[in-house]
Amino acid sequence: MPEEVDDAAEAGLPLEAPVELSLDILRHSAAHLMAAAVCELFPGTQYDVGPAIEDGFFYNFLLPDDRHLSEVDLVAVEERMRALAARRIPYQREVLARDRARSLFEAMGQSFKVAIIDRLGEEVESVAVYRTGDFVDLCRGPHVADSGLLTTVKLLRVAGVYWRGDEANPQLQRIYGTAWLTPGDLAAYLERLAEAERRDHRRLGRELEMFHFEPSAPGMPYWLPNGVIVLNELIDFWRRDHRARGYHEVMTPLINEKALWETSGHWDHYREDMFLFPVDEQTTYGLKPMNCPNAHVVFNLRRHSYRELPLRYSDIDPLHRFERSGTLHGLLRVRKFMQDDAHIFVTEEQIEGEYARILEITRIYYGIFNLEYSLRLGTRPTDFMGDPETWDRAEAALLRILEANAGIPFTVEAGEGAFYGPKIDILMKDAIGRSWQTGTIQLDFQQPRRFGCEYIDASGAARTPVTIHRVIYGSLERFVGILLEHFAGQLPLWLAAVQVEVVPVQDDVEAVMECARGLAGRLEAAGLRAALSDHPGERMQARIRDAELRKVPYVVVVGKRDVERGDDVVTVRDTRRGGTAQRSVAELVAVLSEEVASRRPG
RNA sequence: GCCGACGUAGCUCAACGGUGGAGCGGCGGUUUUGUAAACCGUAGGUUGGGAGUUCGAAUCUCCCCGCCGGCUCCA
């Protein structure tokens, strides 16, 4: 998300009466104190902006001699902050005429502050500054009374950030920190981070042997048998369901000659993100980063009547995008992925109805996993294709649809649309609260025109359809990553690689092993993914622990006693909820099969 | 791509200028056990790759690759 710098908040006025202490105020004051500490440690530092954010705060600095901060510097800064806190320095507010404030900061060599003042609207005549000892900051406030309150503060990390969030600008040094009202709150927050680390899909993917990354293929996952089961279940469900919804699946080439990408507009607008390779002097191929161009090729294979619309082509071909190396992130940001993709050709009048149908699919699919999501309307980017009037019309249509889609929260992000049209994105959060786009429903007036797509309307005239590009899961890779973190690895039964494992108590007793093998076979025959514990010589306890660690949802233990009883009743351990239950095998099959069929999260 | 950290056995980590270790996992054996780790033994590493400094480099320097946290970019 582009960094939002709120100049008004950084400078602006409204003078409030003393306010109740809030975490935001505490954190914002901690940011000031941190800046004061940095300025003391590195005289000549220029400070930019330093807001409170979710769970903490940051401040951006330009250090003298273009010095860069490393994590060891945080120790010194934190120590200096503690010393400043101990001195109980008051936060003093002053309101200055705009010109006076400008010359104050200019005299101090604080050019970022001067720039902020210069960006303020002309109507702003005075601004507020806060003094904390020798440190002066342009700031609306409010703040804590004095620095004595700022004791439960921890600095977390440093980062290089582009000034005003623009890559063309020089980089500043940012320090992130967190601040809480009590030491207990701080400890709880750090524990929350530790829990998130345990839910990290990259760790779970390795532990559960679902996927692997190799240095020779950065960002391109190797899907291992356990991971393929999850992918295939998701795809099978999607495929059946979408057939029933009138979608027609196609498969198209993974590479096409440059000419196709020129027609689609990708050559001009997306080339930097594509894997391109020459095959001889005249010919360059591109590995597809999106399915849309070939979907338009398929549409054009024959003439279409308006009666066929909406015409829905789906496909899950692998896509490759040459993402910049620093942006890769486990399964959540990859270079090779598949999508539950579809391209729907509609008339302009059909747009709203089709969007409603797609949003309904979204509700159902995310509901299956109890996933919470929000929607985002992305509007015309700077690098757009087509004419602004068409864009305005399309954006207005999508806004109407979002407003009619009661209950689901949405935001509007200017400039976040695709180069060929505006879009509605589905947003999800990972274990540590980072936001990721999963599904997207995009409107496209450009590619059908560029590919010369046509249908014959009721009056016999040829007209250009509109294309809706849509994915619900989005990238299957990303979706699996999100699912793993959401369920902390304990996937719903229908997705579990092994759904039920049979553990023998005495593995040297042939009758017991016979019973265990037979049971596993019966469960398999009933359509469940069953496995026989395969640790020769291990004790039952060790086998159970192994199954627990592999997050097998159900474990059935059988031993001499069961064999001797001979009543076909076994003890079933439910590893997700804990506890065991006695069940007949028939009952076990029925209960598990029902849970699989229901796709319940568990 | 940019800023900062990191890269030692399959995994988690130790050794931090003087001959590379542990636990788990693997393998072999002993044990046959009733709901989250039995015991003994054993194999396994050109310390991410390359160059340099040094009598000597996992350790110091540089380059490359990967990876982690941010920034930017985007499913």
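These numbers come from a predicted model, not from an experiment.
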request  = Please answer whether A75(B) and Phe337(A) are stacked, defined here as ring centres separated by less than 5.5 Å and planes angled under 30°.
outcome  = yes
Checking all strands, does Arg206(A) fall into the base, sugar-phosphate, or nothing category for heavy-atom contacts under 4.0 angstrom?
sugar-phosphate
Tell me whether the side-chain N/O atoms of Tyr176(A) come closer than 4.0 Å to OP1 or OP2 in C71(B). yes
Checking G34(B), C73(B), U32(B) against the side chain of Val505(A) (C-beta onward), the nearest is G34(B)
*Assign Lys336(A) to base, sugar-phosphate, or nothing according to its heavy-atom contacts below 4.0 angstrom with the strands shown.*
nothing
- NA contact type, Thr438(A), heavy-atom cut-off 4.0 Å: base, sugar-phosphate, or nothing? sugar-phosphate
Checking A5(B), G34(B), A36(B) against the side chain of Leu549(A) (C-beta onward), the nearest is A36(B)
- Counting any heavy atom closer than 4.0 Å, what does Arg67(A) reach on the DNA or RNA strands: base, sugar-phosphate only, or nothing? nothing
Under 3.5 Å donor-acceptor, Gln499(A) side chain and Leu493(A) backbone
yes
* **Separation between the P atoms of G66(B) and G29(B), rounded to whole Å** => 44 Å
Looking only at C71(B), A38(B), G34(B), the nucleotide nearest the Ala542(A) side chain is A38(B)
Taking A37(B), G66(B), A75(B) as options, the one with an atom nearest any side-chain atom of Gln541(A) is A37(B)
| request: For this output row, return yes or no: ring centroids of Phe112(A) and Trp163(A) closer than 6.0 angstrom. | output: yes
Assign each of Val334(A) and Arg324(A) the nucleotide of RNA chain B bearing its closest heavy atom; nearer the 5' end lies the nucleotide of Arg324(A)
So OG1 of Thr178(A) and CZ of Arg157(A): to nearest 0.5 Å the spacing works out to 9.5 Å
task: Check whether any side-chain nitrogen or oxygen of Lys560(A) sits under 4.0 Å from OP1 or OP2 of U32(B), and answer yes or no.
output: no
Phosphate contact (C68(B) OP1 or OP2) by Arg202(A) side-chain N/O below 4.0 Å:
yes
- Query: Can you tell me if Glu395(A) uses its side chain to pair, donor with acceptor, with the backbone of Pro422(A) under 3.5 Å?
  - Reply: no
Check your understanding: So, is Arg478(A) close to the C74(B) phosphate, meaning a side-chain N or O under 4.0 Å from OP1 or OP2?
Key -> no
* Which part of the nucleic acid, if any, lies within contact of Ser216(A), taking any heavy atom under 4.0 Å across all strands shown: a base, the sugar-phosphate backbone alone, or nothing? -> nothing
Mind telling me whether His266(A) and Tyr420(A) have parallel, tilted or perpendicular rings, with 30° and 60° as the class edges?
tilted
* Does Arg434(A) make a side-chain N or O approach to OP1 or OP2 of G70(B) shorter than 4.0 Å? -> yes
With the side chain defined as heavy atoms from C-beta on, Pro218(A) is closest, among G66(B), U32(B), C3(B), to G66(B)
